[in-house]
Amino acid sequence: MTVMKIPFMNLKRQYLEIEKEIQEALLRVFERSSFILGPEGKKFEEQFAQYIGVPYGIGVNSGTDALYLALLALGIGQGDEVLTVANTAIPTVSAIIASGAKPVFVDIEKNTYLMDTTQIERKITPQTKAILPVHLYGNCVALDHVLETAKKHCLFVIEDCAQAHGASFKGRKAGSFGDISCFSFYPTKNLGAYGDAGIILTKNPDIARKLLLLRQYGEEKRYFTVINGFNSRLDELQAAVLLVKQQYLENWNKKRKDIAQKYISGINNKKITLPIIKEDVYPVFHLFVIQTSDRAHFQEYMKNKGISTAIHYPLPLHLQKAYSSLGYAKGSLPVTEEVMEHIVSIPLFPELTSFEIDYIITVINEY
Ligand SMILES: *Cc1c(COP(=O)(O)O)cnc(C)c1O
């Protein structure tokens, strides 16, 4: 078998498929020359909120800002605790800390890599204000259990949907369950802009109004500020790109799911543990994460066969240097810590060819 060269991700392939539409959309913005808070952003906010099934959408600068402003809008800050996981992208936790609150970590399930919702309750203290589940890798946390627990203890639910655009749980889209949900449109996400972008969704009109203030200097009308705000806006060029790309999201997600299905039915190497998707979930496979005991050896093997791999993520957040003063201990999240030693992501993006997919499966089975 000749060695192929397979990247972990390739955005250029996707761009070439939609080149003409993207260029027309960008030209439309240049011609209009309104670059901030114009018609593209407004249309995208409406269209995306409708797609997820939530009435209000507030476009912002990034997924990190979406989470940060969501916490502020709910009045969460100094002295409060927010329950989340340590197996997530750094920004989930940076946003909590930026708000002044303390992240408290719930361990994960070994087979789904997601928050173990049966362990939420014993982490709740009088300081707990919110549960922040992360729908990691395009999979969905058991939201019914999260909502039940939140209701019982009067906690807010903020969904981190940065890796789960279009995923659903029991027939409803991720992002339509919580008090607020936050999406990132970082270029490599399932729906990605050509720069930074994000959105906050909510069912609550008062929260929506507050978020509109927070994203632009607290201005109720131009040059009159009523609460201290920030600058976190979704610009018109990014919104125009997102409007084009949103039309393809379902199809791209389906392609991701088909590739995942091929991996799941094709990979039969005993040294590899495949991801588990629960029955209630429609996953969108932002990443395809497997486990293997000697990860470094496996990655080296894949590299020699021309296949790029990555680790999402190599160090759990409770063990990161930046948070060393917050009192987290090694050994406190046994499943997270164990899983993080073995996880490795293999290429999965909609533009992978069937030739490449077959090659990846063969190479892994020969490992
Ligand atoms: C990408 C990501 C974010 C942050 O999004 P940015 O747009 O990069 O700020 C937050 N949470 C998770 C789980 C992510 O994957």
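Hydrogens, waters and symmetry mates play no part in the numbers below; they use all other heavy atoms, side chains included. Start at 1 and go down the list; that is how both ligands and their atoms are numbered.
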Gln163 N/O under 3.5 Å from ligand 1 N/O: yes
For Ser62, take its heavy atoms, then give the atoms of ligand 1 lying under 4.0 Å from any of them. 7 (O), 9 (O)
Going by the closest heavy atom to atom 3 (C) of ligand 1, which one wins out of Pro91, Ala197, Pro187, Gly63? Pro91
Could you tell me which atoms of ligand 1, counted from 1 in the order shown, lie closer than 4.0 angstrom to a heavy atom of Thr64? 4 (C), 5 (O), 6 (P), 9 (O)
Determine whether the side chains of Gln14 and Lys245 contain a donor N or O and an acceptor N or O closer than 3.5 Å. yes
Apply the test ring pair (Phe, Tyr, Trp, His ring centres under 6.0 Å) to residues Phe185 and His165: give CA-CA distance (whole Å), side-chain angles for both, the deciding distance (0.1 Å), then the verdict. CA-CA 9 Å; Phe185 303 114; His165 316 72; 5.7 Å; yes
Any idea which protein heavy atom is nearest atom 13 (C) of ligand 1, and the distance to it? Asp160 OD2, 3.5 Å
Basic-acidic side-chain contact under 4.0 Å: Glu24, Lys20: yes
Looking only at side-chain N and O atoms, does Tyr313 offer a donor or acceptor that is under 3.5 Å from a partner on Gln320? no
Which heavy atom of the protein is the closest neighbour of atom 14 (C) of ligand 1, given with residue, atom name and distance? Lys189 NZ, 3.1 Å
Looking at residues at least two apart in the chain, or sitting in another chain, which of them share a ring pair (Phe, Tyr, Trp, His ring centres under 6.0 Å) with Tyr323? none
Should the pair Glu45-Arg215 be classified as a salt bridge under the 4.0 Å nitrogen-to-oxygen rule? yes
Do the numbers put Lys271 on top of the ring of Phe298, so that NZ or CZ is under 6.0 Å from the six-membered ring centre and no more than 45° off the axis? no
Residue and atom name of the nearest protein heavy atom (relative to atom 12 (C) of ligand 1), distance in Å to one decimal: Ala162 CB, 3.4 Å
Would you mind running through ligand 1 and noting each atom that sits below 4.0 Å from a heavy atom of Val134? 13 (C)
Closer than 4.0 Å to some heavy atom of Thr88 - which atoms of ligand 1 meet that? 13 (C)
